[in-house]
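Contents: one structure, followed by commentary.
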Number of protein chains: 2
Amino acid sequence: MRRSMRKQETPDLGILASRTLFRVQKELFTRLAEEGHPRLRPRHGAVLAYLDEEGSRATDLAAQSGQHKQVIGTLVDELVELGYVERQPDPADRRAKLIVPTRKGLDQMAKADAIMAAIEAAHAHAVGEEAYAEFKRVFALVARRPSAEAQ
Amino acid sequence: MRRSMRKQETPDLGILASRTLFRVQKELFTRLAEEGHPRLRPRHGAVLAYLDEEGSRATDLAAQSGQHKQVIGTLVDELVELGYVERQPDPADRRAKLIVPTRKGLDQMAKADAIMAAIEAAHAHAVGEEAYAEFKRVFALVARRPSAEAQ
DNA sequence: AGTGATGGTCAAGATTAGTGACCAATTGGA
DNA sequence: TCCAATTGGTCACTAATCTTGACCATCACT
């Protein structure tokens, strides 16, 4: 049997992860566009996905999303331009600035969370609620586990 | 509780997929570099991951990897340059060219498959063989499922 | 022969990623 | 109080990556 066929039938973890990621991204942003947020690109998710309602620091967003600070900086520039967030001084540290969602940003965050929940609910319905819950449990472990080299 | 904390503790499918993808990629290419393939970038995976020992057409690689033909073309250029593949005329269709792995390419393919297997074996060992097998089974369904909108 | 579809490349653009240097404010000691 | 090391953030630049449209040769089918 051909290698390409084997990979189709029993894809490895990397292939499954990349297929899932791109599919989820595509669906999420398609739906967001339909629901009044057409200018957002998947890239902006690095900020919006981890943003707190009360505001977050750029450094924290960088750490959580795994992006460089620079990237966060330019994304925030764009999101400010699009009206999703504002930069405010951080009262706790005068070096820092808080990235705070506007009303539009809060709307996006709520909708994005709802869409993701709907996507997952559809998967759960298709494969079975219990099976999906167990899948998520193990996935969380796998995603968190340090690289295999560390063992 | 803060949204960013919730996302940390119960990440959604997209976050899990992206963490897993980047971690796996990083480990795979780090190890490949150690094992004699230092010039390869994750990008090249779109070709090498799906390449058949007998050779594959660019169009097939594009379809399987989800990349545009263009991208495959430039990747193949680079892989030819690096000595991993050759372009050969396809005896079955004079328009087409077969992308055929060289000896070096075959070595890379074998090592990459072995490394991926080792990464997965480590995960399976950590979470339990049965649990991991079930995880993979459900993951394959989720990754294959058409977007939730289709239901 | 003639038409539409397919395999592949060329060219140009927009988007995204990664670097090093830099400044201002904070922290923790001497 | 003052200094050095650290941290939060931006600027400027380069490389890598993705996306599109146009184009030619060949094929499949009439």
Side-chain angles (χ1 to χ4, degrees), chain A residues 4 18-19 21-23 25-26 29-30 33 38-52 55-82 85-100, chain B residues 4 18-19 21-23 25-26 29-30 33 38-52 55-82 85-100:
Chain A
S4 59
S18 79
R19 278 216 240 286
L21 175 59
F22 295 127
R23 194 161 282 185
Q25 265 189 355
K26 187 176 171 190
F29 284 88
T30 300
R39 309 274 311 271
L40 292 174
R41 286 174 287 106
R43 202 81 214 303
H44 296 127
V47 169
L48 292 169
Y50 300 99
L51 195 60
D52 281 321
S56 305
R57 289 192 188 171
T59 302
D60 293 336
L61 296 174
Q64 288 174 293
S65 66
Q67 303 285 319
H68 292 199
K69 311 192 277 186
Q70 276 82 343
V71 177
I72 300 297
T74 56
L75 289 175
V76 169
D77 287 343
E78 292 180 22
L79 289 171
V80 168
E81 183 68 24
L82 293 171
V85 302
E86 293 172 353
R87 275 188 244 250
Q88 294 178 5
D90 184 340
D93 186 336
R94 266 187 299 159
R95 288 171 303 180
K97 291 169 192 164
L98 281 181
I99 317 298
V100 183
Chain B
S4 60
S18 80
R19 285 218 184 109
L21 175 59
F22 294 127
R23 195 161 280 186
Q25 267 189 355
K26 186 174 172 193
F29 285 86
T30 300
R39 307 274 313 269
L40 293 174
R41 286 174 288 107
R43 196 88 213 301
H44 297 127
V47 168
L48 292 170
Y50 299 98
L51 195 58
D52 281 321
S56 306
R57 288 192 189 173
T59 302
D60 293 335
L61 295 175
Q64 289 174 292
S65 66
Q67 302 284 319
H68 292 202
K69 317 191 270 185
Q70 282 308 6
V71 176
I72 300 298
T74 55
L75 289 175
V76 169
D77 288 343
E78 292 180 21
L79 288 172
V80 168
E81 183 68 24
L82 293 172
V85 302
E86 292 172 353
R87 274 188 245 249
Q88 293 179 6
D90 184 340
D93 186 336
R94 266 187 298 157
R95 288 172 301 180
K97 290 169 192 164
L98 281 181
I99 318 299
V100 183

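Numbered from 1 within each chain, the chains take letters A, B, ... in sequence-line order. Hydrogens, waters and symmetry mates are skipped; everything else that's a heavy atom, side chains included, is used. This structure is a prediction, so every number in the text was calculated from the model and none was measured.
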For the side chain of [X], counting heavy atoms from C-beta on, which of [options] is nearest?
X       : options               : value
B:His68 : D:dA12, D:dT19, C:dG7 : D:dT19
B:Val71 : D:dT19, C:dT26, C:dG7 : D:dT19
A:Gln70 : D:dC11, C:dG8, D:dG8  : D:dC11
B:Arg41 : D:dG9, D:dT17, C:dG20 : D:dT17

Start at the 5' end of DNA chain D and walk down; is the nucleotide closest to A:Ile99 or to B:Gln67 reached first?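 Going by which nucleotide is closer to the 5' end, it is A:Ile99.
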
Map B:Glu78 and B:Lys69 onto DNA chain D by nearest heavy atom, then report which one ends up closer to the 5' terminus.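 Its nucleotide being nearer the 5' end, the pick is B:Glu78.
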
Supply the atom-to-atom distance [X] [atom1] to [Y] [atom2], rounded to the nearest 0.5 angstrom.
X       : Y       : atom1 : atom2 : answer
A:Ser65 : B:Arg19 : OG    : CZ    : 10.0 Å
B:Arg43 : B:Glu78 : CZ    : CD    : 7.5 Å
A:Leu21 : B:Ser18 : CG    : OG    : 5.5 Å
A:Gln25 : A:Thr30 : CD    : OG1   : 10.5 Å

Distance check needed: [N] [atom2] versus [X] [atom1], whole Å only.
X       : N      : atom1 : atom2 : value
B:Asp93 : C:dT6  : CG    : C1'   : 8 Å
B:Arg39 : D:dA15 : CZ    : C1'   : 15 Å
B:Phe29 : D:dA16 : CZ    : P     : 15 Å
B:Arg57 : D:dT26 : CZ    : P     : 14 Å
B:Ile72 : C:dG7  : CD1   : C1'   : 13 Å
B:Asp77 : D:dA16 : CG    : C1'   : 15 Å

Got B:Leu40 and B:Leu48 here, is their nearest side-chain heavy-atom distance under 4.5 Å?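 They are in contact (side-chain heavy atoms under 4.5 Å apart), so the answer is yes.
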
N/O (side chain, [X]) to phosphate O (OP1/OP2, [N]) under 4.0 Å:
X       : N      : value
B:Arg87 : C:dG7  : no
A:Lys97 : D:dT10 : yes
A:Thr59 : D:dT7  : no
B:Arg43 : D:dA15 : no

At less than 3.5 Å, do the side-chain atoms of B:Arg95 and the base atoms of C:dT6 form a donor-acceptor pair?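 In this structure, the two groups form a donor-acceptor pair.
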
A:Leu75 vs A:Arg94, nearer the 5' end of DNA chain C by closest nucleotide: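 Nearer the 5' end of the strand: A:Leu75.
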
